[in-house]
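Below is one structure, written out as structure tokens, with a few remarks after it.
The shown structure was predicted, so the numbers you read here are calculated from the model rather than taken from an experiment. Atoms considered below: every heavy atom in the structure, side chains included; atoms not considered: hydrogens, waters and symmetry mates.
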Amino acid sequence: MGGNALKKVVASRIDLVTYLAIQSEISTRFNDKLAIMYPIELPNKVDFGDVDVLFCFEGCVGDIGEVDVDQKRRACDLIVEEYNPCDMVCNGQVYSFSYMRSFVDGSNSESAEAPIYYQVDFIHCPNLALLPMYHFFFSHGDTGSILGRIMKSHGLGLGFQGLWVDASGGFLQSCLDMKHAQDEKQAQTIKLVPDKVYSKIMLSSCPREICSFIGLVYEDFYTTNAFTSASEIYKWICSCKFMVLENFNSAMNYEHKQRCIKRKFYGDFLEHVNAELMRCKPLQSGSTHGVNAVVGHSGVQFLVQELGAVELRDPLPIEACRHFSKLQEIDAIIEKEQQLQARRLKYNGELVQQWYAEYYGEVYLSSSGSGGGVGGCTDTPTDNDETSTSIFQFGATLVGKPLGIVMKRFKHHVVRVCVQALAGAGPVSCDSPCLHTGTDVDVDGMFNAWLDELSDMEIKTAVLSFFKDYM
């Protein structure tokens, strides 16, 4: 996007007639292979740096997620098969390639003159359900990015996947504090890292639902000729009821500043706000509305009145979860983290080393410089190693292995025993592929269930028994 991705060729700018012809040619070519949409361009735009193509493979359905490696390879192979571009750059889910002008008008096909290239960006959507959200986010210039920054200042994320909440430690702690304030019996003991994101709560991937929540008229965005100028789009953005532009100044990082300089729409939006709101009389201190300094496209500071301030019962991320019926997901995330922390208290590397010390009478910690393993030797000890004269028997399977390997083998040992007990099957090797890949056995799930069922002493006894048999 932007027309500057190609490295081997110089992409020409595209006039409107050619731009539409390229879209038509691509739609015809991939009619039976891909589901395709094109972002709505800004009004009155006469030339373009590239052609953006939003696409998804027909039949791709399922959960929201990233495009997997196989889908990326399949998409790149398809582009090469159809166009055989002399230059192609893949950046995440965007595949930029050189598109010859001859594909649309037959020019330069037989000529000795240098061919004319355009840049086409295929933007890969993982499934059909997400395609409308991609279309919303990438339409009308940088509108999606600007809305994303507006919502980020309130603790929400808005991108091409939809609207979401990052369930950080701080957010989860706020939820716990609210529960405790409402009912002291709801107090829960859990250690949370404030800036750590424990999960991502998807609120909605429906543009209509998102617009309704943030106070924007969805129909205006899609009605033909609803916006006759960029300034009308700016006004539409400013009608968002959560519009607080303070983040455009105080939270503007390097990426945002570069976008403000390089992306005319993005920078002009700030200057539009300056022109529209410069006349607003600053409100008195302490008001629910405020006035903030913002840097525009030209670098000039101006005052911006915060618009659409709304009174919320709780912080917006929590209100959003309530609005989209996602409060249960918060409880599930907290419960999962409590389980993880409870398991870590019952079984962890430090405990394994303590138990090892109790069993053998001494231990070389994994953090020592003697090989980083339980037993204090390298992975491949030899008869000449000084450590080979210690009390540890180096002929045993796991002595000398790093602590992580010992713990992994113990996990597989437990799962093997569980599989035998549940299925009454024959021996299952610790090195069985199913125990490494989880193809046939949910190793982590079964091991975690085992940890949940046993007491601290029972887990310790099992580990000591494992040492006896395998160390």
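Two residues are said to be in side-chain contact when any heavy atoms from C-beta on lie closer than 4.5 Å; Leu54 and Phe160 fail this criterion. Put simply, the side chain of Ile26 does not reach to within 4.5 Å of the side chain of Phe55, judged on heavy atoms. Looking at heavy atoms from C-beta onward, Ser212 lies out of side-chain contact with Tyr218 at the 4.5 angstrom threshold. The closest side-chain heavy-atom distance from Asp87 to Gln119 is not below 4.5 Å. Taking 4.5 Å as the limit, every side-chain heavy atom of Asp166 sits out of range of all side-chain heavy atoms of Phe171. In this structure, Ile150 and Ile237 have side chains that are in contact, with non-hydrogen atoms separated by less than 4.5 Å. In this structure, the side chains of Cys90 and Cys76 come closer than 4.5 Å at one or more pairs of heavy atoms. Two residues are said to be in side-chain contact when any heavy atoms from C-beta on lie closer than 4.5 Å; Leu34 and Leu78 meet this criterion.
The heavy-atom pair separating Ile330 from Cys175 by the smallest distance is CG2-SG, 3.8 Å. In terms of heavy-atom proximity, Pro317 sits nearest to Gly155 at CG-O, 3.7 Å. Closest non-hydrogen pair, Leu163 versus Ile210, comes out as N-CD1, 3.7 Å. In this structure, Val193 and Tyr198 approach most closely via the heavy-atom pair N-OH, 2.8 Å. Contact record, Cys238 with Met243: SG-CE, 3.7 Å, taken as the closest heavy-atom pair. A pairwise comparison of heavy atoms in His140 and Leu42 identifies C-CD2, 3.6 Å as the closest pair.
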Note to self: Working note: Val217 + Cys211, criterion side chain to side chain contact (heavy atoms under 4.5 Å, CB included); need CA distance, chi angles, decisive distance, verdict.
What the structure shows: CA-CA 6 Å; Val217 180; Cys211 286; over 6 Å; no
Next item on the list: Show your reasoning for whether side chain to side chain contact (heavy atoms under 4.5 Å, CB included) applies to Ile40 and Phe227.
Entry: CA-CA 11 Å; Ile40 303 171; Phe227 301 131; over 6 Å; no
Check: For Tyr38 and Ser27, what are the C-alpha separation, side-chain angles and deciding distance, and is it a side-chain hydrogen bond (donor to acceptor under 3.5 Å, both in side chains)?
Finding: CA-CA 10 Å; Tyr38 299 99; Ser27 296; 2.8 Å; yes
Check: Yes or no on side chain to side chain contact (heavy atoms under 4.5 Å, CB included) for Leu351 and Val463, after CA distance, side-chain angles and deciding distance?
Finding: CA-CA 10 Å; Leu351 284 176; Val463 173; over 6 Å; no
Notebook entry, point to check: Which is it for Arg416 and His413 under the side chain to side chain contact (heavy atoms under 4.5 Å, CB included) test, yes or no, and what are the steps along the way?
Noted result: CA-CA 5 Å; Arg416 183 186 71 228; His413 166 73; 2.8 Å; yes
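The pair Lys346-Asp452 fails the salt-bridge criterion, with no side-chain N (NZ, NE, NH1 or NH2) lying under 4.0 Å from an Asp/Glu carboxylate O. Under a 4.0 Å N-O distance rule, the pair Glu337/Arg344 qualifies as a salt bridge. Under 4.0 Å is where a charged nitrogen must lie from a carboxylate oxygen, and between Arg74 and Asp77 no such pair does.
When the shell of 6.0 Å around CG of Asp68 is examined, it contains more than 12 heavy atoms from other residues, nucleotides or ligands. Atom NZ of Lys33 sits in a crowded spot, with more than 12 heavy atoms from other residues, nucleotides or ligands closer than 6.0 Å. Open room surrounds NZ on Lys336; 12 or fewer heavy atoms of other groups in view lie less than 6.0 Å from it. Atom CD of Glu350 sits in a sparse spot, with 12 or fewer heavy atoms from other residues, nucleotides or ligands closer than 6.0 Å.
In this structure a side-chain-to-backbone donor-acceptor pair under 3.5 Å is missing from Asp142 to Phe265. Of the possible polar contacts, one joining the Gln341 side chain to the Lys191 backbone as a donor-acceptor pair under 3.5 Å is found. Without hydrogens or angle criteria, Trp450 side chain to Ile459 main chain gives no donor-acceptor distance under 3.5 Å. At distances below 3.5 Å, at least one donor-acceptor pair connects side-chain atoms of Asn127 with backbone N or O atoms of Leu130.
Ring pair Phe136/Tyr222 is tilted by interplanar angle, where 30° to 60° counts as tilted. Under the 30°/60° scheme for interplanar angles, the aromatic rings of His323 and Phe213 are found to be tilted.
Between His412 and Arg409, the side chains place no donor N or O within less than 3.5 Å of an acceptor N or O (distance only, hydrogens not considered).
Within the structure, salt bridge (Lys or Arg N to Asp or Glu O under 4.0 Å) pairs that include any residue of residues 205-216 comprise Arg208-Glu219 (at least two apart or interchain).
Note that CG of Leu451 and CD of Glu458 are 11.5 Å apart. Values are rounded to the nearest 0.5 Å. Rounding to the nearest 0.5 Å gives a distance of 7.0 Å between CD of Glu335 and CD of Gln338. Taking OH from Tyr347 and NZ from Lys460, the interatomic distance works out to 14.5 Å, rounded to the nearest 0.5 Å. We find the OG-CG distance between Ser205 and Leu131 to be 12.0 Å, quoted to the nearest 0.5 Å. Here the CZ atom belonging to Phe242 is positioned 4.5 Å from the CG atom belonging to Leu316, to the nearest 0.5 angstrom. To the nearest 0.5 Å, the span separating SG on Cys321 from CG on Leu156 amounts to 8.0 Å.
None of Gln93, His124, Gln161 except one satisfies the side-chain hydrogen bond (donor to acceptor under 3.5 Å, both in side chains) rule with Tyr134; the exception is Gln93. Put simply, the residue from Phe97, Tyr83, Phe57, Tyr99 that forms a ring-ring contact (aromatic ring centres under 6.0 Å, His included) with Phe122 is Phe97.
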